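The next block holds one structure in the form of structure tokens; read it before the comments.
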Amino acid sequence: MKQTSAPQNIPADIINEASRQHAILARGVEHILGGDTELNGEKRDGLFVKLVDSLQNKRPLKVKLGMDPTATDLHLGHTVALTKMRQFQDLGHIAQPLIGDGTTLIGDPAGRNKTRPLLALDEIRANAKTYLDQIGKVLKKDETFDIRYNGDWLLKLDFQDIIKLCADVTVAQIIQREDFSTRLKENQPISLHELLYPLMQGYDSVAMECDIELGGTDQTFNLLMGRQLMDKRGMRPQIAMTLPLLEGTDGVEKMSKSKNNYIGVNDTPDDMFGKIMSISDEIMPRYYELLTDVDIKTLPAHPMDAKRQLGRTIVARFHDETSAKTTEEAFNNRFSQGELPEDIETKAVALPGGLLGVIVAVGFASSNGEARRLVQQGGVKLAGEKVTDVGMVVEAPTLLQVGKLKICELVAA
RNA sequence: GGGGGAGUGUCCGAGUGGUUAAAGGAGGCAGACUGUAAAUCUGUUAGCUAUGCUUACGUUGGUUCGAAUCCAUCCUCCCCCA
């Protein structure tokens with residue numbers, strides 16, 4: 001990596017201001033990669049150097065965070081980096097969230113017919129739109145907000161451009177990446193286009209002339225690829241800042257939609273609060289650390305109270321204070337006091353009807369067999385009374401409960 | 001282009017002619033215990049008009065009284081050599 005000669009006699013006020021910003025921005029960050037330099041005889045990391053540069057030239061830093069719109073929902077795991085981005089905004093820097101409509105399109109698994117990508121582009125754009133709304137819950141949409149779509153440049157590259165890009169990196173370099181080397185070792189297939197992925201992401205940084213790129217620790221390789229490509233083109237390479245990956249509600253795997261252990265930004269207040277209450281005590285400090293500004297030393301002694309506070313804080317952030325409060329009360333009533341929830345959905349079914357059929361009809365079981373199992377195992381209540389007779393007939397409208405969470409008021413269709 | 005190996009339920013994975021709706025694990029669901037905790041324990045986990053029937057071990061066809069298991073075909077993937 002080329003060394004840019006750093007300015008040496010930097011005024012104290014600039015050093016002070018850079019230190020102040022650095023303290024805020026480095027909090028909770030796993031690694032700051034690249035750009036370490038000596039300033040005024042002191043060793044500083046790349047972030048510090050960028051901040052000094054920004055202050056000296058009165059130029060806000062451009063901070064990139066890429067997101068592939070493969071699904072419609074953002075979850076709390078995504079918001080870790082978004083929150084960091086927001087801190088940059090609050091200090092006057094430019095947040096450049098990048099929607100990967102181009103990378104998503106290219107990354108579409110092979111073996112599709114030709115019309116599929118075009119459809120997918122629509123889908124991707126639609127997903128991107130909902131992303132934008134959800135991003136707005138964390139980022140400010142003022143003059144420090146500059147959203148980008150990498151399809152705008154990636155899809156315009158011609159074959160020559162792509163060849164040139166590929167020439168900037170070696171195969172050995174690409175396959176040393178852990179995901180790839182693991183898959184190779186385990187005889188898992190790797191498609192050629194997957195190898196191109198880091199290049200595309202790195203090229204985004206070239207196109208956007210980023211100062212800083214944020215990402216989870218799993219993104220380290222891709223972030224550094226951006227550095228390499230920028231350097232090859234004589235640009236000042238970006239600094240990579242990696243953030244820890246938030247574990248999901250199971251407390252073990254990282255939060256992800258496919259593992260179904262996520263808390264969605266768009267979850268209802270009740271869901272959000274409930275899911276937070278179901279995380280383990282052990283994992284709770286992580287949530288505080290990565291999702292809030294709360295000092296862990298100030299938490300209530302009882303873990304349950306601390307967890308309630310966490311739920312309140314997070315619901316308030318993604319919804320509002322009022323619903324945070326009412327949600328917590330509803331939660332207390334329902335689960336701590338064992339009361340029924342306030343608004344119970346009404347579902348119309350044919351009455352009288354066999355119990356099993358009714359359970360399936362309202363969608364609480366996907367087959368008669370499953371409904372039968374639920375009844376046999378004591379998971380079904382009618383009007384608050386446990387029922388065990390699988391052949392029973394529901395005569396009149398009543399309250400149906402299956403398990404702890406599924407509940408509805410039955411009425412005749 | 002040549003040689004070798006593999007495809008099993010939501011996932012991983014055992015199973016080489018009948019006792020296999022298919023071991024074991026993970027995950028899911030329900031119950032107990034609780035703080036909707038977590039951990040743990042118990043049960044359960046293809047469908048149905050249900051002591052039976054139907055569908056299911058990549059595809060299609062065949063051998064057999066009987067096939068996830070044997071044969072052929074095609075598809076897909078992996079490894080080695082070139």
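Letters A, B, ... mirror the listed sequences (proteins, then strands); counts begin at 1. These figures come from a predicted structure and were not determined experimentally.
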Quiz item: Does A:N260 have a side-chain nitrogen or oxygen under 4.0 Å from the phosphate oxygens OP1 or OP2 of B:U10?
Solution: no
Exercise. Establish, with yes or no, whether the OP1 or OP2 oxygen of B:G47 is under 4.0 angstrom from a side-chain nitrogen or oxygen of A:S367.
Key: yes
Quiz prompt | 5'-most by nearest nucleotide on RNA chain B - A:S366 or A:K307 | solution = A:K307
Whether [Y] and [X] form a salt bridge (side-chain N of Lys/Arg under 4.0 Å from carboxylate O of Asp/Glu) is what I want to check.
X	Y	value
A:D146	A:K62	no
A:R86	A:D90	yes
A:K307	A:D281	yes
A:E17	A:R20	yes
A:R334	A:E339	no

Quiz item: B:A38, B:C48, B:G35: which one has an atom nearest the side-chain heavy atoms of A:H302?
Solution: B:G35
Quiz prompt | Selection from B:A38, B:U44, B:U49 that lies nearest to any side-chain heavy atom of A:S280 | solution = B:A38
Exercise. Grab the stems for RNA chain B, please: at least three consecutive Watson-Crick or wobble pairs, both distances below 3.5 Å, written as range with range.
Key: B:1-7 with B:75-81, B:10-12 with B:24-26, B:27-32 with B:40-45, B:46-48 with B:52-54, B:60-62 with B:70-72
Quiz item: Rounding to the closest angstrom, what is the interatomic distance between B:U64 and B:G58 at atom C1'?
Solution: 23 Å
Quiz item: In Å, rounded to the nearest 0.5 Å, how long is the span from CD of A:E329 to CD of A:Q337?
Solution: 11.5 Å
